[in-house]
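Notes for the one structure printed next.
Along the sequence shown, residues carry numbers from 1. Note that the structure is predicted; figures quoted are calculated from it, not measured.
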Amino acid sequence: MSSVDTASAPGLGAHRSAETRLALALERWIELVRTDRVLQVALALIIGQLVVRGWAAYGAWFVLDDFNFIARMASGLDPATAARSYNGHIMPAGMYLSWSNQLVAPWQWRLPATELVLMQAVANLAMLRLLVALHGRRWGIIPPLALFLFSVISLEGTVWWAAGINALPFEIALLLALTAHLHYLRTGRLRHALVANGWVVVGLLFYEKSALIYLAIAVFTLCWFAEGYGWQRVASAVRGRTAALAIYVATGAAFTVVYLVAGRDLTAGGTGGFPTYDVARALILDEYLPALVGGPLVWDRFGLFSAAAPTDAIILASLVTVGLVLNELLRHRSRAARALVLPAAFLVVDIVLVLLTQNLDDGADFVFDYRFQGELAAITAIALATMSMPIIGATASSTWRSPSELLDHPRRVAALVCVITALALVSTVRWTVTWHSDDRAREWVESVTGSLEHTAQPIPLVDRVVPELVMAPIDGSEGLASRLFAREPGADWVTVGTDSLRAIDDQGQLLPVLVPAVHQGRPGPTPGCGYRLGEGPTTVPLDSVAAEPGQWLRIGYLSSGSSPVRITVGDQTVDATVQPGVHALFVAAPSSFESVQISGVDPQTTVCTDDISVGVPQPFDAEGGA
C-alpha cells in the first residue's frame, strides 16, 4: 500500500502501528528472557508456583459460600442483587462471574479453577513487574518474589472460589495500581494516577478491602517520595500532586457512600467484647511470622479447613529468623526501617477488621484462617524489597551502609530462600491434602444433579433445607434446595401436588415424600366417607394448632371423577384438582392454622375424605424409612 493509501485510511494505519509496537515489545521481552538470568529464574519460580497452586486448585471443588453465590445469582441479575452485602462484603463483579460460570458450565469446577490459576498468574507477573519497576532487573528481587509466591498466607485465596474471587483481584489491583502510581511519582503525568485509580476501582468491584490500596499508595508516597518530618513531609508528598490526590480522595469517598448505602450486615465483635490481645497474637505470632519463614508446618483441622497451629518451637524459630534478618537489614542498610510501616499498617487494619466484623463470642480460634490477612504476602514482599534495595527515582530510599554477613553473600541468601521455600511447600502440601480430603458436598450435589439430568419430565419436588456442609442458611437463601437448584430444568419446585411428590434427602437422593401426622383432622360425621366435599365450604378442624415452619398439608381422598377444588388454610387459599380414584393431595401450608376449609368441588363429583394430616415433609426411603 502506498503512503497515500495509508494516509487515506488512518484507522488501518493506526491499527498496523499498534500491531508493530506490540510485535516489537514482544520481541524485546523474548530477547530479555533469553538473555537475562534474573528474569529466567523469576519466571521459573512463577511457573513452579503455578504448578503447585494449580494442583491445589484443580483438586478442590465448590465449598460453602460458593453455593450461596450460585443461589443468590439464580434469583436475578440486577445490580442491586449482585451488589447486596454478603456478610459485609460488596463484590458485584465476583457475583456476576459466579453467575457466568454457572451459566456456561454448571457445576463444572474446572472453569472457576482455571480462572483462579489465571488470576494467580496475572498477580505473579504483576509482582515481578512491580519489583523490576522499583529496583530494576537485579538478583535482589528474587527473595521477595519467592516470599510472595510460596508463602501460605495467600494459599486459601487461590484454591477456594469464595476467597479467591476477593483476594486475587485485590492482589492484582494492588500491584498494578502501585506500579502505575510509581510511574506517576517519577513523571508527574496525571494519566498514570488515573490508571492507578482505575485499578483500585476494578479491585473494589470484587472486594471492598481494595480500598486499602489507597493506604498503600499513601505510605509509598510518604516513605520514599517525600522529604522532611511530620507535617512538612506530608506537605512535601502532596506538593505538585493535588490533582492525583483529589482523584484518589473523591473515588474513595464515593465508594464509602456506596458501601454504607449497600449496607453492612456485620456484627461488631459479638457480645463478648473485643479480645484484642488474643486476635493480635493469633494473627501475628501464630500466623504471620511463621508464614514468613515457611510455616506454620503444623495445622489443626476443622472440616475442610486447616487452622495454623505452630508449636512453641516453630514460633520461637520464626521470631529468631525474622529477627536476625531484620537486624541485618536495619544495621547494614540505611533508611530501611521505614518500609516496615507497610506490613505494620496492614496488620493493624486486619486486626481491627477482625475485631469489628467477626463474632468473637466463642474465642478467637477462627482467626487462624489466613484469608483474614491474605494481602500480606504481597505487602511483605514489597517491604522486604524496599528495605534491601534502593528504589529507582525515589527521593530517599534504602542504600548500602556497611557489609552484611547475610545480605552481601548471595549464596547465603540463596540457601536461606531455598530452605524457606521448601518449608513453605511442606506447609502448602499439608494444608492442601486436608482441603482435598472431604468430597461430601461434591457427592451430594452430583447425586442431585445426576438424578435431575436423567429425567424426561421435570420432577415435582418439595423444598427442603440442604445439609449445612453444602450451603449455610444465610444471605436470604435460608439454605433451601430450591434456591441452590433454581436453574435446574429437571426440578419443578411445587407448592401443590398429587401422589408423586419427591424431596432431596441428606445423601442427595430424590425420594418420595412422607408427611408425618404431627397434626390430624378430626373424624368426619358421614359413615364410610368422613367428610363429603361439595361446592360449598367444608371445614375440617385439626386436633391441635399446626404451627411448625415448613409444614405441609396432606389430604387423602376418594373421588368419583376429576374436579377442581379449593383449599383454604389460615390466610392462604390454593386451587388444585382432585383425580378419580384413591389419591393424596399435598399442599404447602402457612406457619399457623387450626382448621382446613375445602370447597369448589363439581356438584357432579363425589369426593370423600377422612384422612387429613399436617407435618413437615420428609424424604422416605423404603429401606431405611424417613
Scan residues 161-173 for pairs that pass side-chain hydrogen bond (donor to acceptor under 3.5 Å, both in side chains), counting only residues two or more places apart or in two chains.
S98-W161

Do E287 and F372 have side chains that approach each other closer than 4.5 Å (heavy atoms only, starting at C-beta)?
no

Do I70 and R483 touch side chain to side chain, with heavy atoms closer than 4.5 Å?
no

Sole candidate of W160, W61, W109 that passes side chain to side chain donor-acceptor pair (under 3.5 Å) when paired with D66:
W160

Run the side-chain hydrogen bond (donor to acceptor under 3.5 Å, both in side chains) test against T321 and tell me which residues pass, sequence neighbours left out.
none

Contacts of type ring pair (Phe, Tyr, Trp, His ring centres under 6.0 Å), residue F220, not counting sequence neighbours:
W224

Please confirm whether the ring centroid of H181 lies under 6.0 Å from the ring centroid of Y248.
yes

Short question: side chain of S100, backbone of L97 - any donor-acceptor pair under 3.5 Å?
yes

Charged N to carboxylate O under 4.0 angstrom, D350 versus K209?
yes

Judged by atom type as modelled, is there a donor-acceptor pair below 3.5 Å linking the side chain of D439 to the main-chain atoms of R442?
no

Would you check if E208 and M91 make a side-chain contact, meaning some heavy-atom pair closer than 4.5 Å?
no

Does the Y96 side chain pair with the main chain of L77, one donor and one acceptor, at a distance under 3.5 Å?
yes

List for me each residue that meets side-chain hydrogen bond (donor to acceptor under 3.5 Å, both in side chains) alongside S398, sequence neighbours excluded, and say none if there are none.
none

Between T158 and L155 (side chain of the first, backbone of the second, donor and acceptor by atom type, cut-off under 3.5 Å), is there such a pair?
yes

Once side-chain hydrogen bond (donor to acceptor under 3.5 Å, both in side chains) is applied, do any residues pair with E328, and if so which ones, sequence neighbours excluded?
S404

S477: which residues meet the side-chain hydrogen bond (donor to acceptor under 3.5 Å, both in side chains) condition with it, sequence neighbours left out?
N68

Y288 and Y370: aromatic ring centres closer than 6.0 Å?
no

